Amino acid sequence: MPQIESTMKKVYKDATDAVADINDGAVLMLGGFGLCGIPENCIAALVAKAVKDLTCISNNAGVDDFGIGLMLQQKQVKKMVSSYVGENEEFERQMLSGELEVELIPQGTLATRCMAAGYGMPAIFTPAGIGTEVAAGKEVRNFKGKDYLLEEAFDADFAIVKAWKGDTEGNLIYRATARNFNPMMAMAGKITIAEVEELVPAGSLDPDMIHTPGIFVHRIFEGKNYEKRIEQRTVRKK
Amino acid sequence: MPQIESTMKKVYKDATDAVADINDGAVLMLGGFGLCGIPENCIAALVAKAVKDLTCISNNAGVDDFGIGLMLQQKQVKKMVSSYVGENEEFERQMLSGELEVELIPQGTLATRCMAAGYGMPAIFTPAGIGTEVAAGKEVRNFKGKDYLLEEAFDADFAIVKAWKGDTEGNLIYRATARNFNPMMAMAGKITIAEVEELVPAGSLDPDMIHTPGIFVHRIFEGKNYEKRIEQRTVRKK
Amino acid sequence: MALTKEQIAQRIARELQDGFYVNLGIGIPTLVANYIPEGIDVVLQSENGLLGMGPFPLEGEEDADLINAGKQTITTIPGSSFFDSAVSFGMIRAGKVDLTVLGAMEVSELGDIANWKIPGKMVKGMGGAMDLVASARNIIVAMMHTNPKGQSKLLPACTLPLTGVKCVKKIVSDLAVLDILPEGGFLLRETAPGVSVDEIKQKTAGRLLVADDVKPMEF
Amino acid sequence: MALTKEQIAQRIARELQDGFYVNLGIGIPTLVANYIPEGIDVVLQSENGLLGMGPFPLEGEEDADLINAGKQTITTIPGSSFFDSAVSFGMIRAGKVDLTVLGAMEVSELGDIANWKIPGKMVKGMGGAMDLVASARNIIVAMMHTNPKGQSKLLPACTLPLTGVKCVKKIVSDLAVLDILPEGGFLLRETAPGVSVDEIKQKTAGRLLVADDVKPMEF
C-alpha cells in the first residue's frame, strides 16, 4: 500500500463562510452546556445572516445577551428543543406569548437522541420520563421488569459544535466540561460544522487522543475572539 | 467544598487476585480484536484457576496456543459469543463435536450490545442481519422506511479488559487499535476488571484524555510479561 | 427545632459510604460536599461531564471551560475524568452512580417525586432530574417538610407534575429522616433535635409509620 | 481475457472519488489501496478502530497494538484517529463511510449478497460484513464471475445463506463491470479486455441487461 497523504477539503475561512448555506427553517444542533463550550463564532454569524424560523436543539438557550439568546433577541428561532431554559427573560417572553415553541426533554434523553443519530440507530430506550408528562403519546416497553420509553433519534440538518483543537482532517479535541454535548452532536449532523480555538495541520494531534474522528466533521475553521463568558462565577478564598 | 482526595480501593495485586471470585458458569466479556488488546494476564489466571463452563463474549476466540484459545484447550469454555472465530483448530474440533456452543453475531451488533449495557439501554436497533439467518426469531421494526432488528443488551457477570495505562481510580487509556472492544466492555461489566501495562497514581493522567472513566472499573492491576503476539506480521521493504 | 439547610446537608453526608460515586443536585444537595465525613472517600459526579469534582477555584483561577451542572466554576481533583453528556447519562442510566441527592417540591408515600414544574409558572425544564430519578439506585431527597404556608410536602400522592415514579428511597427534611417503604408509606426513623413525633405526624399528609427505634438525629 | 485480481482492484480504484472515506474488505478489496489514482485523496477506515490506515510497516517497525481488520500489522498517516468498535460501527451504520468494497461468494440480481457461510463447512463467522452491507451507502463487490467449476456466481437468487439483502450497487468481476438496477437485474456496463458480451451473458445466471453504451474497461 502506498503512503496516503489525505488533504480533505474541509477547512473554511471563518464562520460566515461555514454557515453560508444555512437557510430559513433549518434544524440545527448547537453544542454547549449553559455558556460552556458553545459555538460563539457560528452563533454570531447566524445572527449577522439573519436566518429565520430555526429549530435549535441545544441543552440550553443561552442568556439574554449571549449564546442562543442573541438569536432569540432577533426572533430567529421558531422552536427550541432543550432540557433547561432558565436564565433568559426574552426567551420567557416569547414562550409565554406563543411566539416561540419549546420542547423540553430530559437531559440524558437529549444526549442519547443525539448519540443515536450519530450511531445510525433510529431510536433508543430510556427510563427517563416514565410515569411523567414526558411519556405522553410515547411507546412504553418493559424489559426485565423495568419500563422504558422509546425515543427517536434526532434528525438535524446541521450540527454546529465548538472544540478546543482541531486539525485539517476534522479531528476534534475538547477541553474539560466544554466537551458536554459537542461530541454526540458532531457525530449526528448531516452536515457538521466545527469551530475550534486552534486549527492545526493533520498529524499534529495524537491519534489516540482524538475525541471526534474527522469523518464526522464536514467543515472546520479556527474561531476568533472567544469571550467564553462565565455564567456563575463561584470562587473560594485562599 | 473541601478538597476531596479520593483513594478508591480498586488496586489488586495481580491477575490471580483480580479473578479470584470468577467461578464456574460465569458469563465473561473479554476485550480484544484478534490477539490485539487482549487481557493476557487474566486469561492466564483463569487457565491456572481451571474455572469451567464459562460463557465468553469476545469478538474472537484466540488462536490454538494463545488468547482465549488457551482456555479452549483446557475445555473451560461452554459457549463462545463472537463475530469471527477463524484461526483455531481446537475450537473447530470442539464446535463440530458439539462440546462447544457457538453464537455468531455481527461485529457491530456485538459492539453495540456491549455499548447498550454500558449505557443502561436494554436494547438497540440495528439493520445488520436483516433478511439473514441472524434475524431468525428476532423482532423486526421499520423506522422511516428501513428495517431494523431489535437486539438486547448483553448481561455479563464480569468484563475483563486490557488497557495501556490506568490509574488507581480505575481511569483507563488504550493504545492504537488495541482499544477495540475494551471501552464498551469496561462500561458494560457488572464487575469490570482492567489489566494495564502501566499503573500510575491518580492525577498522573490528563482528565481530558481518559478513554474509560474510573467509575466503570472495579478492579485494576498492572499486568506483566506481555507477549502481545502478532497474528499477521505484514511488512514492506525499505 | 427544625434543621437549617446546612444541617440537612450535614445529616445527608452521614449516608455517604467509602468509595461511593455521588451526584449532588442543585441547592441543599450541593452543600453535602461540605460535610463529607473524615475517612470517607467519595467521588462527585457532575452530569455535564465530570467525575471527581473539586472545590470552587481560588479567585482568579476560574476556568470558563470547567463548570458543574449548576454552571458554577469548579476545579478537578487528582483522578478526575471528563466525558461527554451521553457517557455521563450512560453511567447514570446503568446504575454506576451509587447515590443521588436532590431537592423536591413534593414526594409521595409511594416514592414519586415532583420537582420540576409548577403549572402556571414559567417552566425552566427538567434538566437531568428525570434521568437521575429514573435510573439512580439510591435516591435521597433533601427538602423542607412543609411549604411556606405550613402545608405538608410529603403527600399521599403528588399534586404537581411528576419528575419520576416510585424512586425516592429516603427523605431528609428539616424535621425528620424518613425511609420510603417498598410497599408505600413514610417510615419515620429520626427526628430533628427538639421536634416531636407528634409534630411530624401532624405535618406529614401521606401515610406515616413510626419506626420502633425512632430516635433523635445524630450529626 | 479475464482480469487478474490485481486488475479487478485496479478497476475498482477508478470508482474512488476525492474525499471518500472507504472501507476495504479482506482479499481483493485490500488490493484497491495499491491503485488509488493520482490526485484522489481517500481515507481508509478499518472497522477495528482506525481512520487513516497507512501502508504496512517497515520491517522491524511492526506494532502489535496497530493492526487492521484482517489482523495485519499496519501504520497510521498524518490525520489518523483511533476509536472503539462501537464508534467504528456507529460511523458505518450512520452512513459516514462513502464506499465499501468487499468480496462475495454469490450476488443476486436484486443486490443480495452471500459471503460468510457455506453449509457443511466450518463457519468462521460474519465478522463486520453484515453490519457493512446493511448500512453502507455504496457497496461495490469484487468477485470472480464464476466458481472454479465455471458456474455463475451472479444469480437470480443466492443459494447460500445471505449476508445482506438488496445492498450491492455494483460488481467488478474478472469479466465485467455491472450495476445492479434498483428494480433488479445486472446491467452490463463494461467488459474485460477481450471478453465478449456473449461470454458474459453465458456466464451470468441472473437477469442480465446490456447497457446501450457498453464498452471495454479502462484502467
Side-chain angles (χ1 to χ4, degrees), chain A residues 33-37 59-61 82-87 92 95-96 102 104-112 114-116 118 126-134 146-149 164 174-184 211 226-238, chain C residues 30 46-50 53-76 80 82-93 110 112-114 116-117 122-135 161-167:
Chain A
F33 181 95
L35 302 178
C36 182
N59 190 57
N60 311 93
S82 303
S83 87
Y84 191 82
V85 291
E87 301 79 1
E92 191 168 343
M95 192 175 89
L96 294 175
V102 179
L104 292 171
I105 292 180
Q107 194 174 137
T109 303
L110 188 74
T112 313
C114 293
M115 185 179 85
T126 176
I130 283 286
T132 77
E133 64 183 55
V134 164
K146 190 174 167 86
D147 283 339
Y148 296 82
L149 288 182
W164 179 41
Y174 309 92
R175 187 170 170 278
T177 56
R179 190 182 316 186
N180 56 65
F181 284 82
N182 285 297
M184 293 91 67
H211 296 135
Y226 281 101
E227 178 179 339
K228 293 206 198 182
R229 194 185 294 186
I230 291 175
E231 222 164 324
Q232 304 281 344
R233 188 178 303 271
T234 45
V235 296
R236 71 195 145 106
K237 300 281 175 197
K238 276 186 210 192
Chain C
T30 301
S46 191
E47 67 265 27
N48 57 319
L50 170 61
M53 182 162 56
F56 295 141
L58 291 170
E59 220 170 321
E61 295 182 2
E62 310 91 315
D63 179 347
D65 288 339
L66 181 44
I67 63 172
N68 65 17
K71 288 151 198 163
Q72 299 170 311
T73 45
I74 46 148
T75 57
T76 57
S80 287
F82 295 112
F83 36 85
D84 66 45
S85 303
V87 169
S88 185
F89 284 94
M91 65 183 68
I92 289 168
R93 208 183 294 114
L110 292 171
D112 298 350
I113 178 172
W116 77 284
K117 184 176 183 177
M122 164 72 183
V123 180
K124 296 188 170 184
M126 66 292 278
M130 283 192 184
D131 307 276
L132 282 159
V133 301
S135 297
L162 293 180
T163 308
V165 293
K166 293 185 186 174
C167 52

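Just so we're on the same page: letters track the sequence lines, and every chain starts at 1. Every heavy atom of this structure was used, including side-chain atoms; hydrogens, water molecules and symmetry mates were not. All of these numbers come straight from a predicted model, not from anything done at the bench.
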**Request:** Measure distances from C:Thr163 to the heavy atoms of chain A and classify the residue's part below 4.5 Å as side chain, backbone, both or neither.
**Result:** backbone
**Item:** Part of C:Phe89 within contact of chain A (heavy atom distance under 4.5 Å)
**Value:** side chain
**Message:** I'd like to know which of A:Gly129, A:Ser83, A:Cys114 tops the heavy-atom pair count under 4.5 Å against chain C.
**Reply:** A:Ser83
**C:Phe56 backbone acceptor or donor facing A:Arg236 side chain under 3.5 Å** = yes
**With A:Tyr174 via side chain to side chain donor-acceptor pair (under 3.5 Å) - residues at least two apart** = A:Thr212
**Portion of C:Glu61 that has a non-hydrogen atom of chain A nearer than 4.5 angstrom** = neither
**Item:** Contact leader toward chain C among A:Glu231, A:Arg229, A:Arg175, where contacts are heavy-atom pairs under 4.5 Å
**Value:** A:Arg175
**Request:** Determine, step by step, whether A:Thr112 and A:Thr126 satisfy the side-chain contact (heavy atoms from CB on, under 4.5 Å) criterion, reporting the C-alpha distance in whole Å, the side-chain angles of both residues, the deciding distance to 0.1 Å, and the verdict.
**Result:** CA-CA 9 Å; A:Thr112 313; A:Thr126 176; over 6 Å; no
**Item:** Residue part contacting chain C, namely of A:Ile230, when any heavy atom lies under 4.5 Å
**Value:** side chain
**Message:** Just so I understand: if I count every heavy-atom pair under 4.5 Å between each of A:Thr109, A:Val102, A:Asn182, A:Leu96 and chain C, which residue has the most?
**Reply:** A:Thr109
**Prompt:** Which one of C:Pro161, C:Gly128, C:Gly127, C:Gly164 has the most heavy-atom pairs closer than 4.5 Å to chain A?
**Reply:** C:Gly127
**Message:** With a 4.5 angstrom heavy-atom cut-off, is it the side chain or the backbone of C:Ala129 that approaches chain A, or both, or neither?
**Reply:** neither
**Prompt:** For A:Asn60, is it the side chain, the backbone, both or neither that has a heavy atom under 4.5 Å from a heavy atom of chain C?
**Reply:** side chain
**Request:** Between chain A and each of C:Glu62, C:Lys117, C:Glu47, C:Met126, count heavy-atom pairs under 4.5 Å; write down the option with the most.
**Result:** C:Met126
**Request:** Begin with the C-alpha distance, continue with both residues' side-chain angles, and end with the deciding distance and a verdict on side-chain contact (heavy atoms from CB on, under 4.5 Å) for A:Gln107 and A:Phe181.
**Result:** CA-CA 10 Å; A:Gln107 194 174 137; A:Phe181 284 82; 3.7 Å; yes
**Prompt:** Do A:Lys228 and C:Asp65 sit within salt-bridge range, that is, some charged N less than 4.0 Å from a carboxylate O?
**Reply:** yes
**Request:** For C:Lys71 and A:Tyr84, run side-chain contact (heavy atoms from CB on, under 4.5 Å): C-alpha distance rounded to whole Å, both residues' side-chain angles, the deciding distance at 0.1 Å, then the answer.
**Result:** CA-CA 12 Å; C:Lys71 288 151 198 163; A:Tyr84 191 82; 3.7 Å; yes
**Message:** Tell me if the CD atom of C:Glu59 is crowded by more than 12 foreign heavy atoms within 6.0 Å.
**Reply:** no
**Message:** For the interface with chain C, which of A:Gly34, A:Gly108, A:Cys36, A:Ala111 has the highest count of heavy-atom pairs at distances below 4.5 Å?
**Reply:** A:Gly108
**Message:** At a 4.5 Å cut-off on heavy atoms, which part of C:Lys166 comes close to chain A: side chain, backbone, both, or neither?
**Reply:** neither
**Message:** Which heavy atom of C:Ser80 sits nearest to which heavy atom of C:Leu50, and what is that distance?
**Reply:** CB-CD1, 4.1 Å
**Message:** Counting heavy-atom pairs under 4.5 Å with chain C, which one of A:Met115, A:Met95, A:Arg233 comes out on top?
**Reply:** A:Arg233
**Prompt:** For A:Ile105, is it the side chain, the backbone, both or neither that has a heavy atom under 4.5 Å from a heavy atom of chain C?
**Reply:** backbone
**Message:** Report which part of C:Val133 has an atom under 4.5 Å of a heavy atom belonging to chain A: side chain, backbone, both, or neither.
**Reply:** neither
**Asked** Among C:Ala69, C:Ser46, C:Gly49, C:Ala86, which has the most heavy-atom pairs under 4.5 Å with chain A?
**Response** C:Ala86
**Request:** Output the distance between atom CG (C:Asp63) and atom OG1 (C:Thr76), rounded to the nearest 0.5 Å.
**Result:** 9.5 Å
**Request:** Taking salt bridge (charged side-chain N to carboxylate O under 4.0 Å, His left out) as the test, write out the residues that go with A:Glu92, two or more places apart.
**Result:** none
**Prompt:** Just by distance, do the side chain of C:Thr73 and the backbone of A:Thr234 share a donor-acceptor pair under 3.5 Å?
**Reply:** yes
**Asked** Highest number of heavy-atom pairs under 4.5 Å with chain A: which of C:Val165, C:Val123, C:Asp84, C:Leu162?
**Response** C:Asp84
